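What you are looking at is a predicted structure, and each value in this text was computed from that prediction instead of being measured.
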Amino acid sequence: MEYTIDPAKAAEFERFGRAWMALVNKHDGMHHGYFLPSEGASDRAMALFSFDSFATYEAYRARFGVDPDFIAADRIRDDSGCVLRYERTFMRPVLPDPAGS
């Protein structure tokens with residue numbers, strides 16, 4: 001996920017991110033962290049997370065707008081206005097070859 005954030009609301013974005021990290025990890029995903037600006041553009045942030053399969057991801061996504069924990073996490077974003085825009089991109093990893101070649 002790539003975010004355009006309000007730099008004046010970075011603390012709120014961190015609270016939003018921590019809530020979502022817990023939810024991804026709780027629902028069979030692995031959150032690799034949120035990455036906030038430290039140099040360069042001050043309004044860009046990223047999040048990386050993965051699921052074992054698209055079916056597992058879809059089960060996680062089915063909770064959006066229904067599960068009270070998911071609604072509460074989104075409320076942090078919505079009430080604070082810390083996220084101005086976001087874009088979701090699906091990617092696949094290139095990992096080291098287990099055979100070592």
Side-chain angles (χ1 to χ4, degrees):
M1 302 276 297
E2 185 172 342
Y3 297 89
T4 302
I5 64 170
D6 180 338
K9 298 178 180 177
E12 290 89 343
F13 183 81
E14 286 187 41
R15 193 163 61 94
F16 164 76
R18 285 192 175 88
W20 278 105
M21 284 188 274
L23 288 170
V24 167
N25 291 334
K26 178 180 177 181
H27 294 284
D28 301 320
M30 178 182 281
H31 209 293
H32 306 286
Y34 279 82
F35 300 85
L36 294 158
S38 65
E39 189 176 317
S42 63
D43 66 345
R44 185 172 175 219
M46 299 183 80
L48 296 173
F49 54 90
S50 58
F51 286 84
D52 287 341
S53 68
F54 192 69
T56 304
Y57 173 74
E58 286 294 305
Y60 156 82
R61 289 282 301 163
R63 297 177 179 281
F64 281 61
V66 179
D67 184 299
D69 292 335
F70 283 59
I71 293 168
D74 272 347
R75 190 171 298 124
I76 296 167
R77 177 197 62 214
D78 296 343
D79 290 351
S80 71
C82 63
V83 174
L84 304 175
R85 185 175 67 248
Y86 65 92
E87 182 177 322
R88 182 179 303 120
T89 302
F90 294 94
M91 304 175 86
R92 62 178 179 81
V94 176
L95 302 170
D97 185 346
S101 51

Candidate list Phe64, Tyr86, Phe13, test ring pair (Phe, Tyr, Trp, His ring centres under 6.0 Å), partner Trp20, passing option: Phe64
Minimum side-chain heavy-atom gap Arg15-Arg18 below 4.5 Å: no
Using distance only, find each side-chain donor-acceptor pair of residues 34-51 under 3.5 Å and give its atom names and separation, not counting sequence neighbours.
residue : atom : partner : partner atom : Å
Arg44   : NE   : Glu2    : OE2          : 2.8
Ser50   : OG   : His32   : NE2          : 2.8

Qualifying residues under side chain to side chain donor-acceptor pair (under 3.5 Å), relative to Arg85, sequence neighbours excluded: Thr4
Considering all heavy atoms, the nearest Ile76-Glu12 contact: CG2-O, 3.8 Å
Aromatic ring pairing Phe16/Tyr3, orientation class (parallel under 30°, perpendicular over 60°, tilted between): perpendicular
For His27, all residues meeting side chain to side chain donor-acceptor pair (under 3.5 Å), sequence neighbours excluded: Arg63
Under 3.5 Å donor-acceptor, Asp28 side chain and Tyr60 backbone: no
Cluster overlap Phe90 with Val24, hydrophobic side-chain contacts below 4.5 Å: yes
Exercise: identify the closest heavy-atom pair between Leu23 and Ala73: CD1-CB, 3.8 Å
Over 12 non-hydrogen atoms of neighbours within 6.0 angstrom of CG in Asp79: yes
Electrostatic pair Asp74-Arg77, nearest N-O below 4.0 angstrom: yes
